[in-house]
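For reference, the structure discussed in these notes is given below.
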Number of protein chains: 2
Amino acid sequence: MSTNSKQRVDPRITRTKKLFKEAMISLLQENDDKSKVTVQKLANRAELNRATFYLHYQDIEDLMEQMVNEVLEELSGKINPVFGDHENTGTLPIVSFLEHIYDHAVLFQVMLENKDFRRKLFNILVEIISIRREIKKGSGTSVKVPIEIVASSTFGIVTWWIQSGTPYSPIYLADQINLLYRKNINAQGNTVKKG
Amino acid sequence: MSTNSKQRVDPRITRTKKLFKEAMISLLQENDDKSKVTVQKLANRAELNRATFYLHYQDIEDLMEQMVNEVLEELSGKINPVFGDHENTGTLPIVSFLEHIYDHAVLFQVMLENKDFRRKLFNILVEIISIRREIKKGSGTSVKVPIEIVASSTFGIVTWWIQSGTPYSPIYLADQINLLYRKNINAQGNTVKKG
DNA sequence: TTATTAATTGATACTGTGTCAATAAAGTAT
DNA sequence: ATACTTTATTGACACAGTATCAATTAATAA
C-alpha cells in the first residue's frame, strides 16, 4: 500500500469528534421539545467552541452522515464475516444483525430519525435476505413473494422493534420473522413444526 | 347541535390556507437540494406575504400537523364505512386503504417524511388488522404471530410501496400481503391455493 | 525545546424567525 | 352602492443561528 492505513491522528481531533458525536446523540434523545439540533447546542453540549465544529464538519448534515456511515459499517462488519461460516457457527446473519442492534439499541433508535440511515439499513437487510434466498434456491423451496416485499416487511418489523425499545430478544424476533415467511425452523436451527 | 357545522368561512382564508398547503407539498417534493422548508420559501411559493402565514399558523410544525390530520382523516373516512359492509361489497378494508393511497400517491410520498404522519398511518393499519383478526377469531384459524409483528411488517411493505412510487396495483399488493400471512385467498375473495 | 497543529475568541455579513402597527384590499351585510 | 368587518400587505424590529475570518492561546510531535 502507498498510504499507511493507520496514520497517527492528533488525539485532540479524536477527542473533539467523539465529543461532537456524543453531543449529537444526546440532543437527538431529547425528542420532548422536538429539539432542533443546532451547531450552537452541539457546541454547548460538547463543551467546545462553536467554531471548532466547523474545523471538522461542513455542517450538521455532514456530521450526521459520518455517524450514519460509522454505525452501519460496524453493523456490516458484524454481518459479513458470518455469511461464510454461519453454517459452522449455527448463527444466522439475521440473528447477528438483530443482536448487534440489540446491543446498541439507543444508538439505533436515535439514528432511525435519519432518512439516509433508514435507507442504508434497508439495503443491508436486502443483502442479508438475497444471500439467504440464493442458498435456499437449490433446496427445492419455491420462492413465492418478491424480495422487496420480504425485505420491506422485515424492515418494518425491525424498525418497530427498535422504536419500541427492543421488547423482544433477537432470537425470538428472528423466530417470529421466520414464522412469517413459513420457514418452519427457529433461529437455533431446530424444527418447530412440520410443513 | 348548538353550533352550525358549516359556519361560513371567509373565502380568503380558504384560498390562503390552500395555497400554503400546496406550497408545502411543492417544497417537500424538491428533495434534490435537501430543501429545508422555511416560512420565507412557503410565502414565495404561495405568492403570499410572509406575515400572512402567521395569521393562520403558529409555525411550520403547525401547518404540517394540520395537513397530516386532514390527509389521514380523509383516509380513515374511506376505510371506516367499509368495515360494516365489506362483506357486502367484497372489498376488504386493506384494499380500500391501499386504493386511497394509490390515488394520492404523491401526497402520501411527501407526507411520509413526517414522523407523526408515519405514527398515525401505522395506527390506522393496526386498527384494520385488529378488526380483521376479531372476525377471523371465530373461524377456527389460529393466530400465530403477535399483532405488532403483523402490523409493523405490513407497514414496512406499504411504506416501501409508497416510497417506490406505488409500483404494484393495490389488489396485487393486498394479495402479496395476504400471501405473507398464509391467508390463502386473494383480495377478490377467491381461493388461490389450498392450505 | 521548538515547530506544528488544533482550539478559542471576538468580529463579521448573512438568512431566517416571530411579532407589530399602519395601511390597503377584499368580503359581508344593509 | 355604502358602510362595516375581516384579511392581507408592508416595512420595521429584536432576536437566534449560520458560516467564515484573523489573531491568539494551548496542546501535541519531533
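A note on names: the letters A, B, ... follow the listed sequences, proteins ahead of strands, and every chain is numbered from 1. Note that this is a predicted model, so its numbers are computed, not measured. All values below were derived from every heavy atom in this structure, side-chain atoms included, with hydrogens, water molecules and symmetry-related copies excluded.
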| field | Ring-ring centroid check A:Tyr102 A:Phe108, cutoff 6.0 Å | value |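 So the answer is no for these two rings.
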| Is there a donor-acceptor contact under 3.5 Å from the side chain of A:Arg50 to the main chain of A:Ala43? |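 No: the side chain of A:Arg50 does not pair with the backbone of A:Ala43.
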| message | Can a donor-acceptor pair be found, under 3.5 Å and without considering hydrogens, that links the side chain of B:Ser152 to the backbone of B:Glu148? | response |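 It does hold such a pair.
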| said: So, OP1 or OP2 of D:dA8: does either fall under 4.0 Å of a side-chain N or O from B:His56? | reply: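 Result: yes.
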| query | Is A:Asn49 near enough to C:dA7 that one of its side-chain N or O atoms lies under 4.0 angstrom from OP1 or OP2? | reply |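 For A:Asn49, the contact criterion (side-chain N or O under 4.0 Å from OP1 or OP2 of C:dA7) is not met.
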| task | State, with a plain yes or no, whether a side-chain heavy atom of A:Arg45 is found less than 4.5 Å away from one of A:Glu30. | result |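 A side-chain contact under 4.5 Å exists here.
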Using atom [atom1] of [X] as one end and atom [atom2] of [N] as the other, report the distance to the nearest whole Å.
X	N	atom1	atom2	answer
B:Glu61	C:dT17	CD	C1'	14 Å
B:Ile13	D:dT7	CD1	P	4 Å
B:Leu55	D:dT6	CG	P	14 Å
B:Tyr57	C:dG16	OH	P	21 Å
A:Leu42	C:dA7	CG	P	15 Å
A:Phe53	C:dT8	CZ	C1'	17 Å
A:Asp59	C:dC14	CG	P	20 Å
B:Asn44	D:dT9	CG	P	12 Å

| What is the minimum heavy-atom distance between B:Lys120 and B:Asn69, and which atoms define it? |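 In this case the closest contact between B:Lys120 and B:Asn69 is NZ-OD1, 2.7 Å.
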| In B/S/- notation, 5' to 3', how is nucleotides 20-30 of chain D contacted by protein heavy atoms closer than 4.0 Å? | BB----BBSSS
| Are there more than 12 heavy atoms of other residues, nucleotides or ligands under 6.0 Å from atom CD of B:Glu22? |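 Yes, CD of B:Glu22 has more than 12 neighbouring heavy atoms, counting only those of other groups under 6.0 Å.
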| task | Using a strict cut-off of less than 4.0 Å between a Lys/Arg side-chain nitrogen and an Asp/Glu carboxylate oxygen, indicate whether B:Glu73 and B:Lys78 qualify as a salt bridge. | result |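 Salt bridge flag = no for B:Lys78 with B:Glu73.
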| message | Assess whether a salt bridge exists between A:Lys21 and A:Glu70, defined as any Lys/Arg side-chain N lying under 4.0 Å from an Asp/Glu carboxylate O. | response |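 Yes, this pair counts.
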| Close approaches to DNA chain C from residues 16-26 of chain A, in residue order (heavy atom, under 4.0 Å) |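 DNA chain C contact set from residues 16-26 of chain A: A:Thr16.
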| request: Quick one: sort the A:Tyr172 and A:Tyr168 rings into parallel, tilted or perpendicular, breaks at 30° and 60°. | output: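 If you compare the ring of A:Tyr172 with that of A:Tyr168, the planes turn out perpendicular.
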